[in-house]
Novice: 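One structure, as structure tokens, below. Some questions next.
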Amino acid sequence: RTSSRSHITIDIHLLGVPGLYSGVPGASSTNTIRIVGSGSDQIIYDGQGPQAAVLIDNTPFVTLDSMFIQNNAISEGWGVLVTGNSDNVTISNSTVLVDSSGIFRSDVAPIVVSAVYDNDQTLGADVDNFTVSNCEIIGGFIGVSHYGTSTTSRSVGYTVENCNIKNFYSAAIYASYIENINIRGNTVRSVKSVIQEDGIYLLDVNDYNVEENDVRVKDWALYVLDGNDGFTTTANSRVVNNMIISTTDYAIYLNDVTQ
């Protein structure tokens, strides 16, 4: 661990030890926390404590880079769980793996933003500026799931870019009650699901851009419900230059979408 007045860097080489980062004092835009692996370093959930291999709670300005993160739990199991107003978190150049059997696992996901430890579908985490980039994301009910602050106050800033998301059960990317969303350059496939899985699912979102993704699923490849509904944007949202394929349903489904 090395630190200086302007920056904190944590280099870790861990095997089989979950990472719990909760309420780290002093983290800020100038004193950030970087957990950097060699690419082969592993964090594997050991079945003890909160259900995440990596838990980031009430700790902003964290970067996870070049890690292999795994959680083998078949119930309430997260690769990375971000909660408690942990703004400005980035997960990059990493592999995040959970159960990819194709069997229904409602509370299992590689990457989750949620308000509680034991449910990935709870508003109130109040996490802004969350980024996932250049990652391999495998398995789970949903690949990357982000539930916003509330139905009246949205989280701001959500980016998923240049990721390979595969072998999920229900959807690759899910976002609800979030503003300023960028989903670009991702490859989405699921051959394990026994249901009609979705690709990108956006609910009650504002200012969203979906660009240059290659999405091939059975059900809705892109679903947007209440996009910019009742919201005045500074520029139109964009859905451009995507390869979007559904084998059994609508490739693109827009409901109550404006601008």
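All values below were derived from every heavy atom in this structure, side-chain atoms included, with hydrogens, water molecules and symmetry-related copies excluded.
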Novice: Out of Asn162, Asp65, Thr131, which residue meets the side chain to side chain donor-acceptor pair (under 3.5 Å) rule with Ser92?
Specialist: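 It is Asp65, the one option of Asn162, Asp65, Thr131 that forms the side chain to side chain donor-acceptor pair (under 3.5 Å) with Ser92.
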
Novice: Starting at SG of Cys135, measure out to CE of Met67 and round the result to the nearest 0.5 Å.
Specialist: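 Spacing of SG (Cys135) from CE (Met67) equals 11.5 Å.
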
Novice: Closer than 3.5 angstrom, by distance alone: can the side chain of Ser86 be matched with the main-chain N or O of Pro60 as a donor-acceptor pair?
Specialist: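 Side chain of Ser86 to backbone of Pro60, a donor-acceptor pair under 3.5 Å: no, none is there.
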
Novice: Would you kindly confirm whether Tyr250 and Leu225 end up in one hydrophobic cluster when ILVMFWY residues are joined by side chain heavy atoms under 4.5 Å apart?
Specialist: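 Yes, because Tyr250 and Leu225 connect within a single hydrophobic cluster, where side-chain heavy atoms sit under 4.5 Å apart.
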
Novice: Flag yes if Ile111 and Val108 sit in one hydrophobic cluster, no otherwise; membership is Ile, Leu, Val, Met, Phe, Trp, Tyr, and two members link when side-chain heavy atoms are under 4.5 Å apart.
Specialist: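 No.
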
Novice: Return yes when atom CD1 of Ile74 has more than 12 non-hydrogen atoms of other residues, nucleotides or ligands closer than 6.0 Å, and no otherwise.
Specialist: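 No, CD1 of Ile74 has 12 or fewer neighbouring heavy atoms, counting only those of other groups under 6.0 Å.
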
Novice: Grouping I, L, V, M, F, W and Y whenever their side-chain heavy atoms are under 4.5 Å apart, do Val98 and Leu81 come out in a common cluster?
Specialist: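 Unlinked, Val98 and Leu81 end up in two clusters.
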
Novice: Got Trp78 and Asp107 here, is their nearest side-chain heavy-atom distance under 4.5 Å?
Specialist: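 Heavy-atom side-chain distance check passes, below 4.5 Å.
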
Novice: With side chains defined as the heavy atoms from C-beta onward, is the minimum distance between His146 and Ile173 less than 4.5 Å?
Specialist: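 Side-chain contact under 4.5 Å: no.
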
Novice: Using 30° and 60° as the class boundaries, would you call the ring planes of Tyr223 and Tyr253 parallel, tilted or perpendicular?
Specialist: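 Correct class here is parallel.
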
Novice: Enter the distance from Ile245:CD1 to Arg189:CZ here, rounded to the nearest 0.5 Å.
Specialist: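 Between Ile245 CD1 and Arg189 CZ, I get 7.5 Å after rounding to 0.5 Å.
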
Novice: Got a second to check how far Asn88's CG is from Phe61's CZ, nearest 0.5 Å?
Specialist: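 Rounded to the nearest 0.5 Å, the CG-CZ separation comes to 4.0 Å.
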
Novice: Show, in sequence, the C-alpha distance, side-chain angles and deciding distance for Tyr201 and Asp219, and conclude whether the side chain to side chain contact (heavy atoms under 4.5 Å, CB included) test is met.
Specialist: CA-CA 11 Å; Tyr201 196 106; Asp219 205 7; over 6 Å; no

Novice: Is a side-chain N or O of Asn228 found less than 3.5 angstrom from the main chain of Asp207, in a donor-acceptor match?
Specialist: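 Side chain of Asn228 to backbone of Asp207, a donor-acceptor pair under 3.5 Å: yes, one is there.
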
Novice: Nearest 0.5 Å please: distance from the CG atom of Asn236 over to the OG1 atom of Thr258.
Specialist: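 With rounding to 0.5 Å, CG (Asn236) is 9.0 Å from OG1 (Thr258).
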
Novice: For the backbone of Asn209 and the side chain of Ser237, can you confirm whether one donor and one acceptor N or O come within less than 3.5 Å of each other?
Specialist: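 Side chain of Ser237 to backbone of Asn209: no pair is present.
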
Novice: For Ser155 and Gly148, work out which heavy atoms get closest and say how close.
Specialist: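 Between these two residues, the closest heavy atoms are OG-CA, 3.4 Å.
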
Novice: Would you kindly confirm whether Val160 and Val156 end up in one hydrophobic cluster when ILVMFWY residues are joined by side chain heavy atoms under 4.5 Å apart?
Specialist: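 No; Val156 is not reachable from Val160 via cluster members.
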
Novice: Is the backbone of Asp128 close enough, under 3.5 Å, to the side chain of Asp87 for a donor and an acceptor to pair up by distance?
Specialist: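 Looks like yes, one N/O pair under 3.5 Å.
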
Novice: Taking all heavy atoms of Ser66 and all of Ser94, pick out the closest pair and write down the distance.
Specialist: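 That would be N-OG, 3.2 Å.
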
Novice: Using side-chain heavy atoms (C-beta onward) and a distance below 4.5 Å, is Leu97 in contact with Phe68?
Specialist: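 Leu97 reaches Phe68 side chain to side chain.
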
Novice: Please report the closest heavy-atom contact between Met243 and Arg216, naming both atoms and the distance.
Specialist: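 Heavy atoms only, the tightest pair is CG-NH2, 3.8 Å.
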
Novice: May I ask you to test the Ile35-Val62 pair for a side-chain heavy-atom distance under 4.5 Å?
Specialist: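 Yes; the side chains approach each other to less than 4.5 Å.
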
Novice: Asp57 vs Tyr117, test: side chain to side chain donor-acceptor pair (under 3.5 Å). Steps then yes/no.
Specialist: CA-CA 10 Å; Asp57 186 356; Tyr117 288 0; 2.5 Å; yes

Novice: Among Val215, Ile181, Val224, Ile252, which residue satisfies the side-chain contact (heavy atoms from CB on, under 4.5 Å) criterion with Ile200?
Specialist: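 With Ile200 as partner, side-chain contact (heavy atoms from CB on, under 4.5 Å) holds for just one option, Val215.
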
Novice: Between Asn242 (side chain) and Glu212 (backbone), is there a donor-acceptor pair under 3.5 Å?
Specialist: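 Yes: the side chain of Asn242 pairs with the backbone of Glu212.
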
Novice: Applying salt bridge (charged side-chain N to carboxylate O under 4.0 Å, His left out), which residue pairs with at least one partner in residues 144-163 are found, sequence neighbours left out?
Specialist: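 Sorted pair list: Arg154-Asp204, Glu161-Arg184.
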
Novice: Please determine whether residues Ile91 and Val127 belong to a single hydrophobic cluster, defined as Ile, Leu, Val, Met, Phe, Trp and Tyr linked transitively by side-chain heavy-atom distances below 4.5 Å.
Specialist: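 They do share one cluster, since a chain of ILVMFWY contacts under 4.5 Å joins Ile91 to Val127.
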
Novice: Check step by step if side chain to side chain contact (heavy atoms under 4.5 Å, CB included) holds for Leu202 and Val210.
Specialist: CA-CA 10 Å; Leu202 307 179; Val210 181; 4.2 Å; yes

Novice: Output the distance between atom CG (Asn93) and atom SG (Cys163), rounded to the nearest 0.5 Å.
Specialist: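 With rounding to 0.5 Å, CG (Asn93) is 9.5 Å from SG (Cys163).
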
Novice: Taking all atoms of both residues into account, what is the closest heavy-atom pair of Gly77 and Ala73, and its distance?
Specialist: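 Between these two residues, the closest heavy atoms are CA-CB, 4.0 Å.
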
Novice: Can you check whether Ser114's main-chain N or O pairs, donor with acceptor, with Thr83's side chain at less than 3.5 Å?
Specialist: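 At least one qualifying donor-acceptor pair exists.
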
Novice: On the 0 to 90° scale, with breaks at 30° and 60°, tag the Tyr169-Phe141 ring pair as parallel, tilted or perpendicular.
Specialist: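 Answer is parallel, since the angle falls under 30°.
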
Novice: For the residue pair Ile69 and Leu64, establish whether any side-chain heavy-atom pair is separated by less than 4.5 Å.
Specialist: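 Yes, their side chains come closer than 4.5 Å.
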
Novice: What pair of heavy atoms forms the shortest contact from Pro110 to Gly143, and how long is it?
Specialist: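 So the minimum-distance heavy-atom pair works out to CD-O, 3.3 Å.
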
Novice: List in chain and number order the residues that pass side chain to side chain contact (heavy atoms under 4.5 Å, CB included) with Asn164, two or more places apart in sequence or in another chain; answer none if no residue qualifies.
Specialist: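 Partners of Asn164 by the side chain to side chain contact (heavy atoms under 4.5 Å, CB included) criterion, ordered by chain and then number, come out as Glu136, Lys166, Thr187.
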
Novice: In Å and rounded to the nearest 0.5 Å, what is the CG to CG distance from Asn58 to Asp126?
Specialist: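 Asn58 atom CG to Asp126 atom CG measures 10.5 Å (nearest 0.5 Å).
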
Novice: Does Lys218 offer a backbone N or O that forms a donor-acceptor pair with the side chain of Ser246 under 3.5 Å?
Specialist: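 It does hold such a pair.
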
Novice: With side chains defined as the heavy atoms from C-beta onward, is the minimum distance between Phe168 and Val188 less than 4.5 Å?
Specialist: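 Contact flag for Phe168/Val188 side chains = yes.
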
Novice: Report the C-alpha separation of Asn213 and Asn186 in whole Å, then their side-chain angles, then the decisive distance to 0.1 Å, and conclude whether the side chain to side chain donor-acceptor pair (under 3.5 Å) test is met.
Specialist: CA-CA 5 Å; Asn213 301 283; Asn186 301 288; 3.0 Å; yes

Novice: Test side chain to side chain contact (heavy atoms under 4.5 Å, CB included) on Val257 and Tyr208; report intermediate values, then the result.
Specialist: CA-CA 11 Å; Val257 170; Tyr208 56 92; 3.1 Å; yes

Novice: Mark yes or no for whether Ser100, through its side chain, and Gly139, through its backbone, hold a donor-acceptor pair below 3.5 Å.
Specialist: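 Between the backbone of Gly139 and the side chain of Ser100 there is no qualifying donor-acceptor contact (under 3.5 Å).
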
